[in-house]
Amino acid sequence: MIDHISVGVSDLERAAKFYETTLASLGLARLVTRPRTVGFGKAYPEFWINLREGMRRVPPESGVHICLRAKTTSEVDAFHAAALSAGGGSDGAPGIRPHDRVRYYAAFVTDPDGNRIEAVTFPAE
């Protein structure tokens, strides 16, 4: 249903380094580099960062987050660790999130601009 997504960033080079490290854990790589935007993906750019000069940090109460699918719980763990090592923050450590309809394993991070990114997988019991 969704073809691609993008987030605004205040410092393109800083964000590109963060996302190169973080998204590699999910098998995504930098595919496109332009003066004001960078695209990441597997076969084509599915996740974009766009320079927004003067952008303020995204407030935690915005409620917006982007969720990316991981193949395994190990990928979720690696995503979280990579984000922290690249200058991001934890917004929810890796772990099982029981829900009334589905059981899933996820981790939440914030990028240097406060964008909230989640990695999720649905492990068999």
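The basis for the numbers below is simple: all heavy atoms, side chains too, and nothing from hydrogens, waters or symmetry mates.
Formation of a donor-acceptor pair under 3.5 Å by the Arg97 side chain with backbone atoms of Gly95 is found in this model. Distance alone, capped at 3.5 Å, places no donor-acceptor pair between the Ser62 side chain and the Val58 backbone. Arg57 places a side-chain N or O within donor-acceptor distance of the main-chain N or O of Pro112, the cut-off being under 3.5 Å. Asn115 places a side-chain N or O within 3.5 Å of a backbone atom of Gly8 that can act as its donor or acceptor partner. Here the side chain of Thr37 pairs no donor or acceptor atom with the backbone of Asn50 at under 3.5 angstrom. When atom types are taken as modelled, the side chain of Arg30 and the backbone of Val38 share no donor-acceptor pair closer than 3.5 angstrom.
Between Leu31 and Ala43, the closest heavy-atom pair is CD1-C, 4.0 Å. Arg103 approaches Phe122 most closely through the heavy-atom pair O-CD2, 3.8 Å. Listed here is the closest heavy atom pair of Pro35 and Leu12: O-CD2, 3.4 Å. Between Pro45 and Gly39, the shortest heavy-atom contact is CB-CA, 4.0 Å. Contact between Ile96 and Pro123 at its shortest, heavy atoms only, is CD1-CG, 4.2 Å. Minimum interatomic distance between Ala119 and Phe79 (heavy atoms only, all atoms of both residues): CB-CD2, 3.4 Å.
The side chain to side chain donor-acceptor pair (under 3.5 Å) test applied to Ser10 returns Arg14, Asp113, not counting sequence neighbours. Ser85 meets the side chain to side chain contact (heavy atoms under 4.5 Å, CB included) test with Thr21; sequence neighbours excluded. The side chain to side chain donor-acceptor pair (under 3.5 Å) test applied to Glu118 returns His65, not counting sequence neighbours.
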- Message: The test is side-chain contact (heavy atoms from CB on, under 4.5 Å); show your working for Leu28 and Lys42 and say whether it passes.
- Response: CA-CA 5 Å; Leu28 284 79; Lys42 294 179 182 178; 3.9 Å; yes

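At least one side-chain heavy atom of Arg69 sits less than 4.5 Å from a side-chain heavy atom of Val120. Counting only heavy atoms from C-beta outward, the side chains of Ser25 and Glu75 never approach each other to under 4.5 Å. A 4.5 Å side-chain heavy-atom check between Ile49 and Ser6 finds every atom pair outside the cut-off. Two residues are said to be in side-chain contact when any heavy atoms from C-beta on lie closer than 4.5 Å; Ile66 and Val7 meet this criterion.
Side-chain heavy atoms closer than 4.5 Å link hydrophobic residues (I, L, V, M, F, W, Y) into clusters, and following such links, even through other members, never connects Val109 to Val64. The hydrophobic clustering, which links ILVMFWY residues whose side-chain heavy atoms are closer than 4.5 Å, places Leu51 and Phe47 together.
With values rounded to the nearest 0.5 angstrom, Tyr19 atom OH is found 8.5 Å from Phe40 atom CZ. Here the OG1-NE2 distance, from Thr22 to His80, works out to 10.5 Å after rounding to the nearest 0.5 Å. Distance CG/Leu68 to CD1/Ile117: 6.5 Å, rounded to 0.5 Å.
Checking Thr73, Thr72, Asp77 one by one against Tyr105, the side-chain hydrogen bond (donor to acceptor under 3.5 Å, both in side chains) holds for a single residue, Asp77.
Aromatic ring orientation, Trp48 versus His4: perpendicular (interplanar angle above 60°, classes split at 30° and 60°).
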